[in-house]
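Below you'll find the structure I mean.
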Amino acid sequence: MLVKLLLVCFLGLALMAATATAAPIPKAGEGNPIIVVETSMGSFEVELFADKAPLTTTNILGYVDDKFYDGLIVHRVIPTFMVQMGGLDAKLKNKETKEKIKNESTNGLSNKRGTVAMARTNVADSATSQFFVNVVDNDFLDKANARDEVGYCVFGKVTKGMDVVDKIKDVKTETRGGTPNVPTEDVTIKSVRVKK
């Protein structure tokens with residue numbers, strides 16, 4: 001009986017110690033970071049789902065801390081699909097990025113209107129700094145429905161300023177230097193900063 005009691009006490013103390021040292025994973029809306037994307041057409045806010053896409057969130061916040069996005073442009077706008085940004089300057093030159101990250105498209109989040117996902121090449125784990133805002137429901141980009149069986153990782157959602165994103169999606173576009181769907185007049189990212 002005494003051994004049992006000692007064992008229960010030991011396990012309880014071990015659990016308390018583990019709980020004290022391990023940082024809890026925040027739930028959506030409860031402690032997730034929010035970034036403010038200020039563009040030449042207005043600002044919008046994005047809640048980053050650190051609980052569902054921890055690697056991607058850390059990656060994005062690293063770029064934000066480095067002020068990497070400041071001065072880049074929204075370089076791809078398709079009004080029935082999405083608005084993409086985060087890698088090209090006004091001359092449509094790619095800015096040098098950090099290492100590619102693992103695709104967290106298995107997190108169960110869907111590419112619904114207002115969600116924010118990582119852009120990538122045809123290679124599954126090729127995302128770096130570029131992201132896009134879904135302006136319609138794009139379920140076909142989800143891992144469960146994707147033709148490549150990989151999908152695109154949703155890591156956040158616009159919580160404020162979707163009207164600004166909608167204004168951006170309606171800008172006139174052109175093919176510039178062989179790059180299609182580029183806004184005729186630059187939509188510049190003035191800054192991206194952490195709100196909380």
Side-chain angles (χ1 to χ4, degrees), residues 23 25-26 28-29 31-78 81-107 109 111-112 114-135 138 141 143 150-162 164-165 168-169 179 181-183 186-196:
I25 297 173
N32 280 335
I34 293 173
I35 58 171
V36 180
V37 181
E38 184 185 353
T39 78
S40 54
M41 292 185 69
S43 300
F44 60 94
E45 296 182 5
V46 178
E47 177 185 356
L48 305 181
F49 297 137
D51 52 334
K52 296 285 190 180
L55 297 176
T56 309
T57 297
T58 299
N59 178 63
I60 291 292
L61 290 176
Y63 283 112
V64 171
D65 286 346
D66 294 345
K67 299 190 181 309
F68 176 90
Y69 296 115
D70 300 6
L72 298 181
I73 63 166
V74 174
H75 65 271
R76 188 174 177 219
V77 172
I78 303 174
F81 180 29
M82 57 90 219
V83 169
Q84 186 172 334
M85 64 198 79
L88 278 65
D89 64 20
K91 294 180 180 176
L92 298 181
K93 298 291 182 190
N94 282 295
K95 191 169 180 179
E96 189 173 344
T97 64
K98 300 176 184 181
E99 293 298 311
K100 300 175 176 92
I101 61 169
K102 179 174 173 50
N103 189 332
E104 295 179 294
S105 61
T106 57
N107 62 16
L109 298 175
N111 283 270
K112 300 290 187 187
T115 59
V116 184
M118 290 304 290
R120 63 174 176 83
T121 67
N122 291 331
V123 178
D125 300 329
S126 59
T128 53
S129 65
Q130 292 188 35
F131 58 91
F132 60 90
V133 181
N134 290 292
V135 296
N138 290 315
L141 296 178
K143 179 175 173 52
V150 175
Y152 290 76
C153 170
V154 171
F155 67 89
K157 181 175 183 179
V158 176
T159 54
K160 190 175 180 182
M162 193 61 194
V164 173
V165 177
I168 295 171
K169 83 169 172 62
T179 304
N181 310 118
V182 180
D186 287 345
V187 179
T188 306
I189 300 173
K190 293 183 175 180
S191 70
V192 181
R193 61 181 172 82
V194 177
K195 181 176 182 180
K196 75 163 191 170

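Hydrogens, waters and symmetry mates are skipped; everything else that's a heavy atom, side chains included, is used. Small disclaimer: the values here were computed from a predicted structure and weren't measured.
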Q | Lys169, NZ atom: more than 12 neighbouring heavy atoms under 6.0 Å | A | yes
Q: For the pair Asn111 (side chain) and Val154 (backbone), establish whether a donor and an acceptor sit closer than 3.5 Å, ignoring hydrogens and angles.
A: no
Q: Mind checking the CZ-CE spacing from Phe155 to Met118? Nearest 0.5 Å is all I need.
A: 5.5 Å
Q: Determine the minimum heavy-atom distance between Gly86 and Ser129, stating which atoms define it.
A: O-OG, 2.7 Å
**Q.** With sequence neighbours excluded, residues passing side-chain hydrogen bond (donor to acceptor under 3.5 Å, both in side chains) with Lys67
**A.** none
Q. Which one of Phe132, Phe49, Phe131, Phe44 satisfies the side chain to side chain contact (heavy atoms under 4.5 Å, CB included) criterion with Val116?
A. Phe131
Q.
With heavy-atom distances below 4.5 Å as the criterion, would you say the side chains of Val192 and Tyr63 are in contact?
A. no
Q | Test item: Val77 and Asn181 side chains (from C-beta on) under 4.5 Å apart, heavy atoms | A | no
Q) Is the count of non-hydrogen atoms from other residues, nucleotides or ligands lying under 6.0 Å from Lys100 atom NZ greater than 12? A) no
Q: Tell me, please, which residues at least two apart from Ser126 pass side-chain hydrogen bond (donor to acceptor under 3.5 Å, both in side chains).
A: Thr121
(Q) If you compare all heavy atoms of Ala119 against all heavy atoms of Ala127, which two are closest, and at what distance to 0.1 Å? (A) O-CB, 3.4 Å
Q: Not counting sequence neighbours, which residues clear side-chain hydrogen bond (donor to acceptor under 3.5 Å, both in side chains) with Thr115? List them please.
A: Asn134
Q | Non-hydrogen atoms of Met82 and Val135 that approach each other most closely | A | N-CG2, 3.7 Å
**Q.** Any Asp125 side-chain heavy atom under 4.5 Å of Val150 side chain
**A.** no
Q: For residues Lys52 and Asn107, report the shortest heavy-atom separation together with the two atoms involved.
A: O-CB, 3.1 Å
Q | Counterpart residues, ring-ring contact (aromatic ring centres under 6.0 Å, His included), relative to Tyr152 (two or more places apart) | A | none
Q) What distance separates Gln84 CD from Ile168 CD1, expressed to the nearest 0.5 Å? A) 13.0 Å
Q) Closest approach of Ser43 and Val164, non-hydrogen atoms and distance? A) O-CG2, 3.4 Å
Q: Output the distance between atom OG1 (Thr57) and atom CG (Asn32), rounded to the nearest 0.5 Å.
A: 7.0 Å
Q | Spacing of Glu104 atom CD and Asn59 atom CG [to the nearest 0.5 Å] | A | 9.5 Å
Q) Would you say Asn103's side chain and Gly151's backbone share a donor-acceptor pair under 3.5 angstrom? A) yes
Q) What residues form a salt bridge (Lys or Arg N to Asp or Glu O under 4.0 Å) with Glu38, not counting sequence neighbours? A) none
Q | Exercise: identify the closest heavy-atom pair between Glu47 and Ile34 | A | CA-CG1, 4.1 Å
Q: Output the distance between atom CD1 (Ile73) and atom CG (Leu88), rounded to the nearest 0.5 Å.
A: 6.0 Å
Q | His75 side, atom NE2; Gln130 side, atom CD - distance, nearest 0.5 Å | A | 4.0 Å
Q) Partners of Asp66 by side-chain hydrogen bond (donor to acceptor under 3.5 Å, both in side chains), sequence neighbours excluded? A) Lys98
Q) Does the pair Lys95 and Phe68 meet the rule for a side chain to side chain contact (heavy atoms under 4.5 Å, CB included), with working shown? A) CA-CA 9 Å; Lys95 191 169 180 179; Phe68 176 90; 3.6 Å; yes
(Q) Closer than 3.5 angstrom, by distance alone: can the side chain of Ser40 be matched with the main-chain N or O of Thr188 as a donor-acceptor pair? (A) yes
